[in-house]
Amino acid sequence: MSVMKRLSLIFKSKANKALDKMEDPRETLDYSYQRQLELLQKVRRGVADVATSRKRVELQINQIEQQSSRLEDQGRKALGVGREDLAREALSRRSSLQTQIADLRTQHNNLQGEEEKLTLASQRLQAKVDSFRHKKETIKATYTAAEAQTRINEAFSGISEEMGDVGLAIQRAEDKTAQMQARAGAIDELLASGALDDFSGSRPDDIQAELDRMGGGSDVELELARMKAELGQGPAPRDAIEAGQPGQQQPAPQQPGQPTQQYRRPGEGL
């Protein structure tokens with residue numbers, strides 16, 4: 001296959017696919033119905049023209065028959081007064097008119113036959129057009145219902161072009177939102193760790209940050225000692241404000257009559 005033939009085949013296939021996509025069966029049916037109406041109108045005009053010609057021939061026949069009757073009367077009168085020559089001329093003209101009348105009658109019969117055929121064809125075409133119109137409306141209604149049902153099903157299934165665009169837009173919005181949230185969290189962590197400078201003037205200095213971390217560790221130790229005391233695994237810790245040091249144990253209350261026990265810190269002499 002030559003290059004030109006391949007190009008022609010590709011072009012025709014592309015054009016056919018594009019036309020098939022653009023074609024609406026309802027519009028095609030309406031156009032076909034319009035063409036049938038135009039054809040029916042032409043047939044009706046043809047019937048009217050043939051009927052007009054037939055009527056004109058009938059009028060000519062009537063006029064010639066009247067002339068023939070008048071010539072016959074004139075021939076009788078001429079023969080009555082002894083003018084045989086005039087009577088012969090009148091009869092000769094009458095014979096010529098009779099020939100014309102015979103030809104016109106033949107034409108009249110032919111026109112009448114054509115008129116009957118066109119009338120019958122017009123009636124059949126009218127019935128066909130009416131049947132096509134009813135069928136056209138039924139097909140259009142069925143196609144419209146099927147198209148609506150298809151779009152509804154595509155919308156429910158999410159495969160329609162419109163719903164697909166909406167789904168992609170929602171997915172892009174969700175992705176951008178998640179990205180912005182992750183970026184905001186990362187910046188907060190970097191600001192808290194001091195990796196980034198806070199130009200708003202609210203960033204604490206290094207000493208304050210260290211004190212905050214120590215306070216946080218003391219709170220953890222106190223909470224851990226309190227939980228051990230609840231479980232019976234150790235004495236209850238003092239309050240951090242009263243003790244001043246995390247994890248320091250309080251002395252048990254002295255019972256009456258018991259000797260006073262002195263507590264020593266680790267490292268002191270016994």
Next item on the list: May I have the step-by-step check of salt bridge (Lys or Arg N to Asp or Glu O under 4.0 Å) for Glu89 and Arg94, ending in yes or no?
Entry: CA-CA 9 Å; Glu89 182 64 23; Arg94 181 176 179 274; over 6 Å; no
Next item on the list: Run the numbers on Arg226 and Glu230 for salt bridge (Lys or Arg N to Asp or Glu O under 4.0 Å), then give the verdict.
Entry: CA-CA 6 Å; Arg226 185 178 297 108; Glu230 292 176 356; 5.8 Å; no
Next item on the list: Would you check, one step at a time, whether the test side chain to side chain contact (heavy atoms under 4.5 Å, CB included) holds for Gln179 with Arg183?
Entry: CA-CA 6 Å; Gln179 183 179 359; Arg183 185 177 180 83; 5.6 Å; no
Margin query: Before you tell me yes or no, could you show the steps for Leu29 and Tyr143 under side chain to side chain contact (heavy atoms under 4.5 Å, CB included), namely the whole-Å CA-CA distance, both residues' side-chain angles and the distance that decides it to 0.1 Å?
Written below: CA-CA 12 Å; Leu29 290 173; Tyr143 180 84; over 6 Å; no
Notebook entry, point to check: Please walk me through it: do Thr177 and Gln181 pass side chain to side chain contact (heavy atoms under 4.5 Å, CB included)?
Noted result: CA-CA 6 Å; Thr177 302; Gln181 290 176 347; 3.8 Å; yes
Margin query: Before you tell me yes or no, could you show the steps for Arg93 and Leu97 under side chain to side chain contact (heavy atoms under 4.5 Å, CB included), namely the whole-Å CA-CA distance, both residues' side-chain angles and the distance that decides it to 0.1 Å?
Written below: CA-CA 6 Å; Arg93 293 183 178 182; Leu97 291 177; 5.6 Å; no
Item checked: Steps toward salt bridge (Lys or Arg N to Asp or Glu O under 4.0 Å) verdict (Arg83, Asp85) -> CA-CA 5 Å; Arg83 297 293 303 272; Asp85 54 342; 3.3 Å; yes
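Nearest heavy-atom pair across Ser122 and Leu40 is O-CD1, 3.7 Å. Residue Val57 comes nearest to Gln107 through the heavy atom pair CG2-OE1, 4.3 Å, listed as atom of the first residue, atom of the second, then distance. The two residues Ala90 and Leu71 have their closest heavy-atom pair at CB-O, 3.5 Å. Looking at every heavy atom in both residues, Gly75 comes nearest to Ala87 through O-CB, 3.3 Å. The minimum heavy-atom distance between Glu58 and His108, with the atom names listed, is OE2-NE2, 2.6 Å.
With salt bridges taken as basic N to acidic carboxylate O contacts below 4.0 Å, none links Arg70 and Asp73. Between Arg76 and Glu72 there is a salt bridge, since a side-chain N of the basic residue sits under 4.0 Å from a carboxylate O of the acidic one. A salt bridge is absent between Glu38 and Lys42: the closest approach of a Lys/Arg side-chain nitrogen to an acidic carboxylate oxygen does not fall below 4.0 angstrom.
With Gln36 as the partner, the side-chain contact (heavy atoms from CB on, under 4.5 Å) test is satisfied by one option alone out of Val129, Asp130, Leu125: Val129. Results of the side-chain contact (heavy atoms from CB on, under 4.5 Å) test with Thr119 over Glu116, Glu115, Lys117 single out Glu115 as the only residue that passes.
Linking ILVMFWY side-chain heavy atoms closer than 4.5 Å, directly or via other members, places Leu59 and Leu104 in two distinct hydrophobic clusters. Cluster annotation: Leu120 is not connected to Val50 through the hydrophobic network of ILVMFWY side chains, with a link wherever side-chain heavy atoms come within less than 4.5 Å. The cluster map of Ile, Leu, Val, Met, Phe, Trp and Tyr, joined by side-chain heavy atoms under 4.5 Å apart, puts Ile61 and Ile64 in the same cluster.
Atom CD1 of Ile101 and atom OG of Ser96 lie 10.0 Å apart (nearest 0.5 Å). The structure places CG of Leu111 at 10.5 Å from OG1 of Thr52, a figure rounded to the nearest 0.5 Å.
Contact check for Leu91 versus Arg88: no side-chain heavy atoms found under the 4.5 Å cut-off.
A donor-acceptor contact closer than 3.5 angstrom is absent between the side chains of Asp30 and Gln34.
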